2 protein chains.
Amino acid sequence: MNHHEIKNFLAVAETLHFGRASELCHLSPSALTRSIQRLESELGQALFLRDNRQVQLTLAGEKFYQYAQKAVRDWEDICEDLGEDGEVEGVVSLYASVTAVYSILPDLLEAYRALYPKVRLNLRTGAAEESIDKLLAGDIDMAVAALPDRQSDRIDFLPLLTTHLVFVGPRAGGREYAFSDMHELGRLPFVLARSGVSRSRVDQFLRGVGAHAVRITEVSGNEGILAMVRLGCGVGVVPELVLERSPFRDDLVVLDGAPQLEPYVVGLCTTRKNLARASVAAMWQLAQERAQ
Amino acid sequence: MNHHEIKNFLAVAETLHFGRASELCHLSPSALTRSIQRLESELGQALFLRDNRQVQLTLAGEKFYQYAQKAVRDWEDICEDLGEDGEVEGVVSLYASVTAVYSILPDLLEAYRALYPKVRLNLRTGAAEESIDKLLAGDIDMAVAALPDRQSDRIDFLPLLTTHLVFVGPRAGGREYAFSDMHELGRLPFVLARSGVSRSRVDQFLRGVGAHAVRITEVSGNEGILAMVRLGCGVGVVPELVLERSPFRDDLVVLDGAPQLEPYVVGLCTTRKNLARASVAAMWQLAQERAQ
DNA sequence: GCGCCTTACGAGTCCCGTAATAATA
DNA sequence: TATTATTACGGGACTCGTAAGGCGC
C-alpha cells in the first residue's frame with residue numbers, strides 16, 4: 001500500500017469518474033483502474049460500484065473515504081511540521097543558462113534560501129539544450145529549460161515565463177541580412193544552437209517556407225550565439241530575453257521583417273522521482289506560487 | 001511514500017539497530033538502509049543519527065515516530081473495520097495434494113469459510129511437486145507444499161506440520177525389498193516422484209551411500225506412488241502422512257531397516273505479492289494461528 | 001580484525017502507457 | 001456510433017540481494 005493509491009482513490013471518490021480522476025492524478029485511465037483494483041484486492045472489498053456509465057462508492061468505499069481523507073491530512077501535517085522553520089536539508093543541484101541565472105533565478109533562489117537555509121544549493125550553468133539529458137542522466141536535480149516539444153513521461157515541467165525567438169544580426173551589417181525574399185533564406189548564413197527547442201523551431205520554419213539553410217554555424221548556448229553574431233558570422237536566433245540581457249545588445253539588432261516563430265516557454269524541469277524529495281518539492285512549490 | 005517504509009522506520013526506531021531491524025522486516029541490511037534513506041530524502045531531514053557504532057533518533061525522528069505509530073494503527077483499524085463480519089470477498093485458488101485435502105485442509109478451510117463466507121474458494125488437487133511452479137506462473141494463489149530446499153525470494157512458506165519420508169513396499173513382497181546391504185541399493189527397483197523435495201532427498205541419500213539407482217519408475221503425485229508400489233513396481237518413498245491416509249495402507253508395509261531421511265516439512269506457500277491481498281492474508285493468518 | 005552501516009552493480013518485479021476490447025446508450 | 005471502464009502487452013523504472021567499501025572499536 002502506498003500513498004499514491006490513497007490519493008488516487010480520493011480523486012475517484014470525489015469525481016466519481018475514472019477519466020476525469022486520471023487527469024487529476026497525472027495518470028492514464030488504465031493505470032488508475034489498476035491502482036484502484038490493487039487497493040480493492042488488498043482490502044478484500046470493492047470500493048466502487050461501476051458499470052460503464054456510472055461510478056459510485058460502496059459501503060466499504062464510504063468507510064475508506066473517511067480513513068483516506070484523514071490519512072492524507074495526517075501525512076501533510078507531519079510534512080509541514082517537519083518542514084517548518086527551514087528545517088529541510090539536503091543538496092539540490094540546479095542547471096541553468098547564464099541568462100536564466102541573471103534574469104529568472106535571483107528572486108526564486110533568494111526566496112528559497114530564505115525559507116530553507118539548510119539546503120545546499122549547487123548551481124551549474126551551461127547550454128539550455130543540454131539540460132534534459134543531464135536531468136535524465138541524474139547529473140542534476142532540476143533545470144531551467146525550454147518546454148520540450150515532445151514531453152517525456154519522466155520529466156515534469158513548470159512554465160515560468162514565455163518569450164519570443166528573435167532573429168538577430170550585427171548592428172553594423174544589418175543591411176546585408178534582410179528578410180525581403182523568403183525564398184532566399186537558405187542562402188543566409190545562420191548561427192544556431194546545435195540542438196534543442198530553438199534549433200528545431202528554426203529548422204521547422206525553414207522547412208515550412210521551402211528553404212534549406214546551408215551555411216550554419218553551430219554553437220552550444222544562446223549567449224555564445226550572440227557573440228558569434230556580433231562577430232559577423234551570420235543571423236542568430238535566440239530567445240528575446242537572452243538578447244535583452246546580453247552585454248552585446250547594443251551591437252546587435254533584431255532584423256526587420258523577420259518571421260515570428262512560436263512562443264518559447266521557459267520553465268523549471270525535474271524528474272518525477274526527484275519531486276518526491278522535500279528539498280526539490282519545496283523549490284517546485286515556490287516557483288509555482290511565483291509563476292501563477 | 002509507502003507503508004513499508006513506515007514499517008521499516010518503526011523497526012529501526014524501536015531496535016536502534018539496522019541489522020536487527022532488517023531481520024524483522026525480512027529485508028537485507030542494504031535494502032533497509034536505502035528504505036530509510038528514501039524516507040529521509042522525502043522528508044528532507046535525517047531521522048537517525050548513526051555512526052558505525054550507534055543509531056539514535058534525531059529530533060525530527062522523534063516527531064516522525066509519533067506520526068508513524070499512529071499511521072500504522074489507523075491503517076490496521078480500517079483494515080479490521082472493513083474486514084469484520086466476514087466482509088472480505090474475492091477469489092482464492094488453493095492447490096494441494098489429495099492427501100493434504102483429506103488431512104490438513106479440512107479444519108483450515110472450515111474455519112476460513114466460517115469467517116470469510118464471501119470469498120470464493122477454488123480448490124485444485126495435484127502433485128505436490130508441481131505447486132511451486134504453478135505459484136510462480138500465477139496459475140494459483142496458494143499451495144500446500146513441502147518446504148523447498150532452496151528458498152526463493154518470491155515465495156513465503158508457513159510450516160504446518162512435519163512428517164517423515166518412509167520407504168514402502170508391498171506387504172506381499174516385503175521380503176524381496178530388504179535394506180540388509182546398503183551397497184546393493186542401486187539394484188532395488190524404485191518408485192519415485194518425478195521431481196520435488198522427496199525425490200531430491202532420495203537422490204541425495206543414494207549418492208551419500210555411493211549407490212546409483214537404475215530401475216526407477218517415475219510417478220507424479222505421492223498417492224500414485226503407493227498405487228504403483230502396491231502393484232509390485234518397487235520400493236516407494238512417500239511422506240508417512242500419505243501412507244497413513246492411503247486406502248492401500250493395509251496392502252503396504254514400511255520396510256524394515258530402512259534409512260531415516262531428513263524430516264519433510266509441509267506448509268502453506270504463496271507469493272509475496274499475493275500476501276498483500278486481504279483474502280490471501282486472512283488464510284495465512286488463520287493457518288499461522290493454528291500452526292503455532 | 002571484526003562488526004556494522006553504506007555504496008556498487010546486476011537482476012527481477014512491478015507499474016505505466018499504448019492499443020485493443022467490452023459494454024452501454 | 002460515441003463514450004467509458006477494462007484487459008493485453010511490451011518497455012522501463014524501481015527496489016531487491018550479493019558483494020565490496022569504509023569507518024570505529
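Quantities reported herein were computed from a predicted structural model and do not represent experimental measurements. Proteins come first, then strands; the chains are lettered A, B, ... in the order of their sequence lines, and each starts at number 1.
Remark: C1' of D/dT15 and CE of B/Met1 are 16 Å apart, rounded to the nearest angstrom. When rounded to the nearest whole Å, the span between CD1 of B/Ile155 and P of C/dT13 equals 10 Å. Computed from coordinates, the A/Ile36 CD1 to D/dT6 P distance equals 9 Å when rounded to whole Å. Counting to the nearest Å, the C1' atom of C/dT13 and the CG atom of B/Leu136 are 12 Å from each other. Nucleotide D/dT6 holds its P atom 11 Å from the CG atom of A/Leu49, rounded to whole Å. Between the CG atom of B/Leu47 and the P atom of C/dC5 there is a distance of 16 Å, rounded to whole Å.
Ionic pairing of A/Asp141 and A/Arg277 is present here: one or more N-O contacts between side-chain nitrogen and carboxylate oxygen are shorter than 4.0 angstrom. Comment: A/Asp203 does not engage A/Arg207 in a salt bridge, judged by the lack of any side-chain N to carboxylate O separation of less than 4.0 angstrom. At a threshold of 4.0 Å, the pair A/Glu129-A/Arg199 does not count as salt-bridged, since none of the basic side-chain nitrogens sits closer than that to a carboxylate oxygen. Electrostatic pairing of A/Arg73 and A/Asp77 does not count as a salt bridge here, judged by no charged N lying under 4.0 Å from a carboxylate O.
Put simply, the side chain of B/Tyr95 does not reach to within 4.5 Å of the side chain of B/Leu135, judged on heavy atoms. Contact annotation: the side chain of B/Lys134 never approaches that of B/Arg124 to less than 4.5 Å [non-hydrogen atoms, C-beta and beyond].
The environment of NZ in B/Lys7 is sparse: at most 12 heavy-atom neighbours from other residues, nucleotides or ligands sit within 6.0 Å. Residue A/Glu80 qualifies as open at atom CD: its count of foreign heavy atoms under 6.0 Å is 12 or below.
Taking side-chain N and O atoms only, B/Thr33 has no distance below 4.0 Å to OP1 or OP2 of C/dC5. Within the structure, a side-chain polar atom (N or O) of A/Gln37 is placed less than 4.0 Å from OP1 or OP2 of D/dT7.
Contact check of residues 13-25 of chain B against DNA chain C (heavy atom, cut-off under 4.0 Å) returns B/His17, B/Phe18, B/Gly19.
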* Starting at the 5' end of nucleotides 14-25 of chain C, put B wherever the base has a protein heavy atom under 4.0 Å, S where only the sugar-phosphate does, and a dash everywhere else. => SSBBB----B--
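Taking the six-membered ring for Trp and thresholds of 30 and 60 degrees, B/Tyr65 and B/Phe9 have ring planes inclined between 30 and 60 degrees apart.
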